[in-house]
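Input: a single structure, listed below in structure tokens.
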Amino acid sequence: MRLTDDALEVVKNYPLCDHCLGSLFARLGKGLGNKARGEALRRIIIMELDRMVREGEITREEMERIMSNLDNEETMKVAEMLGLKVQRKACYVCGGKWEELVERWARKIYDILKEYEFDTFLVGCTDCGGMEERQREIISAFRLPYSESIKNSFKREVGKRLKEMLGKEPDFLDPDVVAIMDLKNDKVKLQIKPVFVLGRYKKLVRNVSQAKWKYPYSVEEALERALKDFQGEEVLLHASGREDVDVRALGTGRPFVAEVRKPKRRKVELKPYSDGKVEFSFEGYVTRDWVEKIKEQDALKSKVYLAIVYVPEGISDEELKALEEFFKDVTVSQRTPKRVSHRRADKVREKKVYYVKTKKLNQKSFMALVKAQGGLYIKELVSGDEGRTEPSFSSFLGKEAKCVSLDVVWIG
Ligand SMILES: [Zn+2]
């Protein structure tokens, strides 16, 4: 029989345990398991050797030599019964330590994962400590077409053992944690899936930046505190647009997705948070694709701003009325403002202003409520940015107008 002949040729030359012998024929008899495959082949080989000796095809010494390559307790028992002197040799691929290795690495991963909350896991392997190379040597020497890489079967066996220990399910597509074994360096590397939370923030004071930056305080830092129960390594803020450091975000607040990296806890009760400068409300858990979604939403959403405008030459009630009438559903073409041109592509964007409502404060300043399409720079809508934004309050009035304070009060 071809299969037995192949297996016999292999064990004439290499000592192998049941598992590693079975792995050489792993694609035959799906569902059997490598250990059972190896066990079946080993038993057939012993019987075949016994027949060959009885029929004078090989000597007892040859049988003893081949049997010493069948690394298994049962082999020794049969040898004793047959009165053969067999020196058991350790498996060439795993050193006769397969079960021990599986148990040891499963235990090692288990101990590391104890600190983490998760539902699903996956086991990976970067280096199998030479097992893969030794197995490949045999596969190519005997041209065995039905083998399975020992790395695969090691990952699978450790995964199975872990499943028993943890009472949790492996997930091959999108696991919460991936434990990657490196046998050569005796290390386990963990990949922890981030947690994503959808929320809105309000910036109650000025001089708070969105991301951690050169300003003393940022929304991102506050977010880290708000989500500290996840015990993550880092919290990233993915917001739907941004306001300037000196602009507050009030009213409905700005939507964002928080990405908690390497969280030790994945299920935390999401409570509103406020530290007097920044406020958060959380809507719930979301998937990774919300990071892009929330960023794209910015341009589609309309916003309402409250601006205090200063006109050095002074402003009349009639001019304010005319300004309100003019800025009704007006398309503004805005070249990237000078002050942000270092970080945004220089191009002209067309954005809508839906309405402007004003309230005069004194001879030289007024309050303006502006509803506009997301992405329109309001400070430049007021000043004109030396002609880069057209039309602007300045160009319409025919005199300098300056935005001295700005708040976002509503985001759709
Ligand atoms: Zn082995």
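The chain is numbered in sequence order, starting from 1.
Of the possible donor and acceptor atoms, none in the side chain of Asp244 sits under 3.5 Å from a partner among the backbone N and O of Asp246. Using a distance-only test at 3.5 Å, with no hydrogens or angles considered, no donor-acceptor pair links the side chain of Glu296 to the main chain of Lys293. Side-chain N or O atoms of Asp171 include none that pairs as donor or acceptor with a backbone N or O of Phe121 at under 3.5 Å. Between the side chain of Asp407 and the backbone N or O of Val409, no donor-acceptor pair lies under 3.5 Å. The closest donor-acceptor contact from the side chain of Arg60 to the backbone of Gly83 lies under 3.5 Å.
No option in Lys35, Gln135, Arg37 other than Gln135 meets the side chain to side chain donor-acceptor pair (under 3.5 Å) test with Ser23. Exactly one residue among Arg104, Lys114, Met181 makes a side-chain contact (heavy atoms from CB on, under 4.5 Å) with Ile109. That residue is Met181. Tested against Phe393 for a ring-ring contact (aromatic ring centres under 6.0 Å, His included), the candidates Phe326, Phe327, Tyr310 yield a single pass: Phe327.
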Extract all donor-acceptor atom pairs below 3.5 Å that involve side chains of residues 161-170 and protein atoms in other chains or at least two apart in sequence.
unit_1 : atom_1 : unit_2 : atom_2 : d
Arg161 : NE     : Glu103 : OE1    : 2.6
Arg161 : NH1    : Glu164 : OE1    : 2.8
Arg161 : NH2    : Glu103 : OE2    : 3.3
Lys168 : NZ     : Phe118 : O      : 2.8

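Between the side chains of Gln334 and Thr389, a donor-acceptor pair is found at a separation under 3.5 Å. A donor and an acceptor atom, one from each side chain of Asp289 and Thr287, are located under 3.5 Å apart. With hydrogens and angles left out, the side-chain atoms of Thr358 and Glu324 include a donor and acceptor closer than 3.5 Å. Under the 3.5 Å distance criterion, with hydrogens and angles disregarded, no donor-acceptor pair is assigned to the side chains of Ser383 and Glu380. For Ser405 and Arg248, the side-chain atoms include no donor-acceptor pair closer than 3.5 Å.
Electrostatic pairing of Asp385 and Lys338 does not count as a salt bridge here, judged by no charged N lying under 4.0 Å from a carboxylate O.
Each ring-ring contact (aromatic ring centres under 6.0 Å, His included) pair with one or both residues in residues 78-102, not counting sequence neighbours, appears once here: Tyr14-Tyr92, His19-Trp98, Trp98-Phe154.
For the pair Lys359 and Phe366, the cation-pi test (distance below 6.0 Å, angle within 45°) is failed. Tyr355 carries Lys357 over the face of its six-membered ring, with the cationic atom under 6.0 Å from the centre and within 45° of the normal.
You'll find the ring centres of Phe282 and Tyr273 outside the 6.0 Å limit.
Ring geometry, Phe256 versus Phe280: the interplanar angle exceeds 60°, so the pair is classed perpendicular (tilted spans 30 to 60°).
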